[in-house]
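Scroll down for the structure; my scribbles are underneath it.
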Amino acid sequence: MPSDKSFAKLPGFRDFVPADLALRNHIFDAWRRVCRRYGFTEYDGPPLEPLGLYVEKSGPEIVEQLYNFADKGGREVALRPEMTPTLARILAERSRGMAKPIRWFSVPQLFRYERSQRGRLREHFQLNADIVGEAGVAADAEITAVAIDAVRELGLGEDDFVARVNDRRLVTAVLDEIGVAQRHRAACLAVIDKAGRAGPEKTRAGLEALGIGGSAAHALAELVADGSWRQLRDRFRSSGAVLAAMQPLEEHREILEAMGLGGYQRFDFTVVRGLAYYTGIVFELFDRAGELRAICGGGRYDRLLELVGGEPLPAVGFGMGDVVLGELLKDRGIAPAAAPACQDYVIWMEPAQRPLGMRVARALRREGRSVLYGLRAQGMGKQLRSAARVGAGRALIIGPEEVTGGTVTVRDLESGRQVTTSLESVLGGAGHRTGR
RNA sequence: GUGGGCGUAGCUCAGUCGGUCAGAGCGCCGGAUUGUGGUUCCGGAGGUCGCCGGUUCGAUCCCGGUCGCCCACCCCA
């Protein structure tokens, strides 16, 4: 730990040494493969945006924890805390001429100024995938499937994680039905949101603190404790509004089941999402063990583009962070090992053989192979040890004997078998089939 | 933002009721091994014990502050 704090890493920020970057790239690669498989194309935007883009569009929650400041021109700016407002701004300018629906994804680095904890830093990377211009529930199901497959692609299955799905319109209908006043709705959503962790007692206390009456509080506490689909349907079978609000979720589930992803999703009345701009189906991905924070959160936001000044366009999307996902992969032991540093290790014994060693290395690199060699003269044992440590598949040995005979000794470092071949075959490119 | 715990070698950690207390394992470097590696054996480098201040003859140890990390709240991507 450096004693001079001025050179220390900022709290909540990460260095990525090769082993860490290998994991990050492993995750990014999986995300991009899945998104492309679903026909999404990648975009990006500036990491720094006008503060105003976030102030009223995302709800007050996110603004309190922005990484913001005034730039040298006196502009109030913020490091982007989320990607959706940027996407909304881009599309507000250009979507009119674009074929709908638009399927875009991005892997931005996002920033928030808040105390860091496990799975929650001041900086992270997040996969964002959105479908814009389609209001039907098939788009919601499609985006949920992308989220699920983005996690499955990394080797996690039904036993590892689940998507909890809800619909804000359904929650609203239920609140109306049990008589929660309009003015209490937002605060009530917050209580429902944390009900899973708080437990029934605290939930009821929270509702009463809002001034929500006994029968309504009782009904809500019950729903929160056991908000099963069946229970909901029984409880509200005489309410046309609630039953109608259940239809989109029904269809959403059917589509996912048809995709073979039914086991990855579950209705959960307590999922409402914090961001103010969600308007319909919302979902979150969690590890089944319940040890970590949400892996992913998303939903429908049909009004946002209008708010930013674009044409009215329905939209649905999600954000999936790299931090919690990385923790989960490490916990499950399915994080990748760092890639080997090279394929071929050229061993030259004495300065007299170095020029030939350089020619061989050059020829191999020209073929696209990754090649290393010692930068100073060392014994063969040392060099083979170095070769093994960097993960080389084979060693190409060029000593006095090889120079005299016009040959190269090619040693397979996994089997230990070695053959002596002609120098020409290595320089000419015939040697590349014997290695990895 | 609030409360609690923890900061000793690159990593994981031991240790001192205040006085040879600067330690282990792993890793790293070198040697055994100047034409054959991943094993083994031997040796070596590396630390102002997070930082600042206080108490004391003396502080890595006690006290205060501070910074950082972890956990729980708050909140949430």
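Nucleic acid contact for A:I397: base, since at least one base atom lies under 4.0 Å from a heavy atom of the residue. Across all strands, A:Q418 comes closer than 4.0 Å to base atoms (heavy-atom distances).
The pair A:E49-A:R89 meets the salt-bridge criterion, since a charged nitrogen lies less than 4.0 angstrom from a carboxylate oxygen. For A:E82 and A:R112, the salt-bridge test fails: no basic side-chain N is under 4.0 Å from an acidic carboxylate O.
Distance CG (A:L413) to C1' (B:G35): 15 Å, rounded to an integer number of Å. As a whole-Å value, the separation of A:L396 CG from B:U36 P is 18 Å.
Residue A:Y113 is tested with A:F69, A:Y67, A:F13 for a ring-ring contact (aromatic ring centres under 6.0 Å, His included); the sole match is A:Y67.
Across the interface with RNA chain B, nearest-nucleotide mapping of A:A388 and A:G12 shows A:A388 to be the residue nearer the 5′ end. The 5' end of RNA chain B is approached more closely, in terms of each residue's nearest nucleotide, by A:F13 than by the other of A:F13 and A:A190.
The A:L384 side chain lies nearest to B:G37 when the options are B:A77, B:C74, B:G37.
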Kindly indicate, with the supporting measurements, whether the criterion ring-ring contact (aromatic ring centres under 6.0 Å, His included) is fulfilled by A:Y345 and A:Y373.
-> CA-CA 5 Å; A:Y345 200 98; A:Y373 38 78; 7.8 Å; no

Step-by-step side chain to side chain contact (heavy atoms under 4.5 Å, CB included) determination, A:D149 to A:E153 = CA-CA 6 Å; A:D149 272 340; A:E153 183 77 3; 6.0 Å; no

Spell out protein contact along nucleotides 25-33 of chain B as letters: B when the base is contacted, S when just the sugar-phosphate is, - when no protein heavy atom is under 4.0 Å; keep the 5' to 3' order.
-> ---SSSS--

